[in-house]
Student: 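Shown below is the structure under consideration.
Note that the numbering runs from 1 along the sequence shown for the chain. Please read all numbers here as calculations on a predicted model, not as lab measurements.
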Amino acid sequence: MIADVLIAMYPWTKSLHVISVIAWMAGLFYLPRLFVYHIEQVATGSQTDTMFQVMERRLLKAIMNPSLVATWLFGLMLVFTPGIIDWREVWPWTKALSVIAMTWFHMWLGSRRKDFLAGANTRTGRTYRMMNEVPTLLLIVIVVSVIARPF
């Protein structure tokens, strides 16, 4: 049965989920900072502009996107493991909504990278600094929801 396999794999699934989340969070923290430096320190069309675009693309495509997929894959495996989540409680819902918000933020960053690529960024370094706080706030909600379960 699938349930038996998920139960047997639980420690590995949980470990791989945490590893994926750490990699994803690293990118979510770093990419907005790259955007701040890109917008404030780099002239559009310069060699440095090209270098930043390569760094941003590689971070998004080689680290953030695969870790997003892995986070969702292993997270859903945990969700479907029998006996792990009680959906009558509030904490799984606050975590789920926060993960969806984090995924939206990831997609928003991907769209902003395309703006830089097209030379069409209209946002300021201040905007990217403020948006850089989004993953931190969501991370706090997720960790408190899962570990402390105050709700």
Student: According to a 4.5 Å side-chain heavy-atom criterion applied to Ile, Leu, Val, Met, Phe, Trp and Tyr, with indirect links allowed, do L16 and I2 form part of one hydrophobic cluster?
Tutor: yes

Student: Measure across W91 and S145 and return the closest heavy-atom pair with its distance rounded to 0.1 Å.
Tutor: CB-O, 3.2 Å

Student: Roughly how far apart are I63 CD1 and L28 CG, rounded to 0.5 Å?
Tutor: 11.5 Å

Student: Membership question, hydrophobic clusters at under 4.5 Å side-chain separation (ILVMFWY): are V54 and I39 in the same one?
Tutor: no

Student: Can L34 and L59 be said to form a side-chain contact (heavy atoms from CB on, under 4.5 Å), step by step?
Tutor: CA-CA 10 Å; L34 281 177; L59 177 61; 4.0 Å; yes

Student: Taking all atoms of both residues into account, what is the closest heavy-atom pair of P66 and L60, and its distance?
Tutor: CD-O, 4.3 Å

Student: Taking NZ, NE, NH1 and NH2 as the nitrogens, is one of them in K61 or E56 under 4.0 Å from a carboxylate oxygen of the other?
Tutor: no

Student: Please name the pair of heavy atoms, one in W108 and one in M131, separated by the smallest distance, quoted to 0.1 Å.
Tutor: CH2-CG, 3.5 Å

Student: Hey, are the side chains of M55 and M51 touching, using non-hydrogen atoms and a 4.5 Å cut-off?
Tutor: yes

Student: If you link I, L, V, M, F, W and Y whenever their side-chain heavy atoms are under 4.5 Å apart, who else ends up in the same group as V144?
Tutor: I140

Student: Any sub-3.5 Å donor-acceptor pair from T81's side-chain atoms to I84's backbone N or O?
Tutor: no

Student: Are any non-hydrogen side-chain atoms of L138 and V134 less than 4.5 angstrom apart?
Tutor: yes

Student: If you measure from NZ on K95 to CE on M102, what distance do you get to the nearest 0.5 Å?
Tutor: 10.0 Å

Student: State the CG-CE distance between L109 and M107, to the nearest 0.5 angstrom.
Tutor: 10.5 Å

Student: Can you tell me which residue pairs pass the salt bridge (Lys or Arg N to Asp or Glu O under 4.0 Å) test with a partner in residues 17-29, sequence neighbours excluded?
Tutor: none

Student: Taking all atoms of both residues into account, what is the closest heavy-atom pair of S15 and P11, and its distance?
Tutor: OG-O, 2.8 Å

Student: According to a hydrophobic-cluster definition based on side-chain heavy atoms being under 4.5 Å apart (Ile, Leu, Val, Met, Phe, Trp, Tyr only), do M130 and L137 belong together?
Tutor: no

Student: Please determine whether residues W104 and I100 belong to a single hydrophobic cluster, defined as Ile, Leu, Val, Met, Phe, Trp and Tyr linked transitively by side-chain heavy-atom distances below 4.5 Å.
Tutor: yes

Student: Is a side-chain donor or acceptor of R33 paired with a backbone partner of Y30 at a separation under 3.5 angstrom?
Tutor: no

Student: Would you say M64 and Y37 are hydrophobically clustered, going by side-chain heavy atoms of ILVMFWY under 4.5 Å?
Tutor: yes

Student: Could you go through residues 70-79 and list every donor-acceptor pair under 3.5 Å that involves a side-chain atom there, pairing it with any protein atom two or more places apart or in another chain?
Tutor:
from	atom 1	to	atom 2	distance (Å)
T71	OG1	S20	O	3.3
T71	OG1	V21	N	3.4
T71	OG1	S67	O	2.7
W72	NE1	T103	OG1	2.9

Student: Calculate, to the nearest 0.5 Å, the distance between atoms CG and CE belonging to L6 and M1 respectively.
Tutor: 12.0 Å

Student: To check you understand the geometry: which heavy-atom pair defines the closest contact between V141 and S98, and what is its length?
Tutor: CG1-OG, 3.1 Å

Student: Taking it one step at a time, do N121 and Y128 satisfy side-chain contact (heavy atoms from CB on, under 4.5 Å)?
Tutor: CA-CA 11 Å; N121 176 62; Y128 291 119; 2.6 Å; yes

Student: Please examine the side chains of R129 and E40, heavy atoms only from C-beta on, and report whether any two atoms are closer than 4.5 Å.
Tutor: yes

Student: Can you name the residues that form a ring pair (Phe, Tyr, Trp, His ring centres under 6.0 Å) with F52, not counting sequence neighbours?
Tutor: H38

Student: Taking only residues at least two apart or on different chains, which pairs with a member in residues 130-139 satisfy side-chain hydrogen bond (donor to acceptor under 3.5 Å, both in side chains)?
Tutor: none

Student: Report yes if some heavy atom in the side chain of L31 is under 4.5 Å from a heavy atom in the side chain of F35; otherwise report no.
Tutor: yes

Student: Do the non-hydrogen side-chain atoms of T48 and Q41 ever get within less than 4.5 Å of each other?
Tutor: no

Student: Considering residues at least two apart in sequence or located in another chain, which fulfil the ring pair (Phe, Tyr, Trp, His ring centres under 6.0 Å) criterion with W93?
Tutor: W87

Student: Is there side-chain contact between F80 and T13, with heavy atoms separated by less than 4.5 Å?
Tutor: no

Student: Let me confirm one number: the CZ-CZ distance from R112 to R123, rounded to the nearest 0.5 Å.
Tutor: 4.0 Å

Student: How far apart are the closest heavy atoms of I142 and V99, and which atoms are they?
Tutor: CD1-CG2, 3.9 Å

